[in-house]
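These notes are about the structure you will find just below.
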Amino acid sequence: MSLDDTLTALGVKVSPNQRLDRLVYWRVGGPAERLLDISTVAQLQGVMALGEPVTVLGRGSNALVHDDGVPGLTLRLGGELCELNLIGADRAWAWAGLGLTVLINRLDKLGLAGAEPFAGVPGTVGGAVVMNAGTTLGEAKDLVEAVEFVLPGGELRQVPAEALAFAYRHAELPSGAILTRALLRLITEDVDARIAQRKALLERRKATQPLDLPSCGSTFTNPPGDFAGRLIEAAGLKGAQIGGAQVSPKHANFFVNTGDATAAQLAALIRLARREVLRQFGVLLTPEVRLIGPWPDDALSPDHSSDEGHAP
């Protein structure tokens, strides 16, 4: 039986040579060899049991897709993997494909709070947990009690949050594991005050961030005791541009696609920022970007040797 026949037998929708630039926030990148729409845990287990190269796309909010595209199987979670299931009055299983904005809106309708750390954060529950995403209102680790994931080979496993060893913008999952859902600890008191905090945060972001152009949000994590945007601006790179890729003149930690950027140009701009901040201040910035496709190991390294010219 061919791979496509096997996937069809699993009930998985397969889209060959599917454009990904329309699906990721940066609006760049080549096609997926096979884009799979996964709607159940059983389908995910079946795909993981095949032993094929697998990439999870999520919402593509921090994904830099290679210009040549993505070989193998690219997974997009939907169906039951986008649900929210309440457990008692103050717990809920949030499935990995559920968008963070949708999660917050559903909790609002239920009169519940707790997901404020995700206010204004693009992406899904799965991505937020894996990246320990957050804002000044907290991080994923503050509300996650347990997670469930599928391992390579198809085994389904559940572990407490402590097993993830949460750190700044990082969580430890077994190699190759794909998150299916997270058990969230919700809040039933002072909900209105928390909503007000969230709205104030979103207003500040709207005023200070370039939300009108494609980006991945914050390109770098903040180094201890400082801010990546401040360092990039101090290095003289605010507004710097390589092709259609630009360090936003509004916020230097946002790298935007001005209209015709390529993934290679965005990668070159990221390397430029890392190199200049390291040279001038001795700080090596850590990208929040997730590389998808056949990138070399040093694709974002500041000493990568094939950069294009730039015009700061």
Side-chain angles (χ1 to χ4, degrees), residues 20-21 24-30 59-67 120-123 127 131 133-136 168-169 201-293 295-296 298-312:
L20 294 180
D21 58 337
V24 297
Y25 276 51
W26 248 325
R27 298 292 186 263
V28 299
R59 293 291 176 87
S61 57
N62 68 338
L64 185 57
V65 177
H66 196 283
D67 291 315
V121 178
M131 290 292 295
T135 63
T136 55
Y168 178 56
R169 300 297 176 262
L201 173 65
L202 292 175
E203 286 299 317
R204 289 196 300 273
R205 288 194 161 204
K206 184 177 180 181
T208 60
Q209 298 178 356
L211 304 180
D212 57 332
L213 289 173
S215 77
C216 75
S218 295
T219 306
F220 299 100
T221 62
N222 288 322
D226 210 334
F227 297 95
R230 188 200 72 78
L231 288 166
I232 295 166
E233 182 173 355
L237 293 177
K238 199 171 189 180
Q241 193 159 342
I242 296 178
Q246 183 187 46
V247 178
S248 170
K250 191 171 186 179
H251 192 309
N253 199 20
F254 279 64
F255 288 27
V256 299
N257 177 357
T258 61
D260 58 355
T262 65
Q265 290 167 354
L266 284 162
L269 194 61
I270 290 169
R271 291 193 295 268
L272 171 64
R274 298 188 80 196
R275 183 165 57 246
E276 284 303 303
V277 169
L278 179 61
R279 182 180 69 84
Q280 296 185 40
F281 306 111
V283 176
L284 181 61
L285 295 176
T286 301
E288 288 196 42
V289 178
R290 186 166 68 101
L291 296 176
I292 294 181
W295 294 96
D298 66 344
L300 300 182
S301 171
D303 57 2
H304 188 85
S305 60
S306 63
D307 287 339
E308 305 176 34
H310 69 279

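Counting all heavy atoms, side chain and backbone alike, A228 lies closest to P223 at N-CD, 3.8 Å. Between W295 and L291 the shortest heavy-atom distance is CD1-CB, 3.6 Å. A pairwise comparison of heavy atoms in G134 and V121 identifies O-CG2, 4.2 Å as the closest pair. The two atoms that bring G293 and H66 nearest to each other are CA-CB, 4.1 Å, heavy atoms only. The two residues Y25 and G123 make their nearest non-hydrogen contact at OH-N, 4.1 Å. Closest approach of N62 and C216 over heavy atoms only: CA-CB, 3.8 Å.
Residue-environment remark: CZ (F281) exceeds the threshold of 12 foreign heavy atoms within 6.0 Å.
Take D21 and apply the salt bridge (Lys or Arg N to Asp or Glu O under 4.0 Å) test, not counting sequence neighbours, and it matches R19. By the salt bridge (Lys or Arg N to Asp or Glu O under 4.0 Å) test, R169 is found to be paired with E139, residues two or more places apart in sequence or in another chain being considered. For the ring-ring contact (aromatic ring centres under 6.0 Å, His included) test, residues two or more places apart in sequence or in another chain that qualify with F254 are H251.
Pairs engaging residues 277-286 under the salt bridge (Lys or Arg N to Asp or Glu O under 4.0 Å) rule: E276-R279 [sequence neighbours left out]. For residues 214-223, the set of pairs meeting the side-chain hydrogen bond (donor to acceptor under 3.5 Å, both in side chains) definition, not counting sequence neighbours, is empty. For the salt bridge (Lys or Arg N to Asp or Glu O under 4.0 Å) condition, the pairs that include at least one residue of residues 210-229, sequence neighbours left out, are D226-R230.
Side-chain atoms of R27 and L20, non-hydrogen and from C-beta on, never get closer than 4.5 Å to each other. No side-chain heavy atom of N253 sits under 4.5 Å from any side-chain heavy atom of F227.
Listed for the R275 side chain is a donor-acceptor partner under 3.5 Å among the backbone atoms of P302. In terms of modelled atom types and a separation under 3.5 Å, the side chain of Q241 and the main chain of G243 share a donor-acceptor contact. Side-chain atoms of R274 come within 3.5 Å of backbone N or O of L285 as a donor-acceptor pair. Of the possible donor and acceptor atoms, one in the side chain of R271 sits under 3.5 Å from a partner among the backbone N and O of A299. Between the D67 side chain and the A263 main chain, a donor and an acceptor come within less than 3.5 Å of each other.
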Using side-chain contact (heavy atoms from CB on, under 4.5 Å), reason through L201 and E203 one step at a time and then give a plain yes or no.
CA-CA 5 Å; L201 173 65; E203 286 299 317; over 6 Å; no
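Here the options are I232, L231, T286, V289, the test is side chain to side chain contact (heavy atoms under 4.5 Å, CB included), and the partner is F220; only I232 passes. Among L269, T262, L266, the one residue that satisfies the side chain to side chain contact (heavy atoms under 4.5 Å, CB included) test with I242 is L269. The only option from V65, L64, L213 that meets the side chain to side chain contact (heavy atoms under 4.5 Å, CB included) definition with W26 turns out to be L64.
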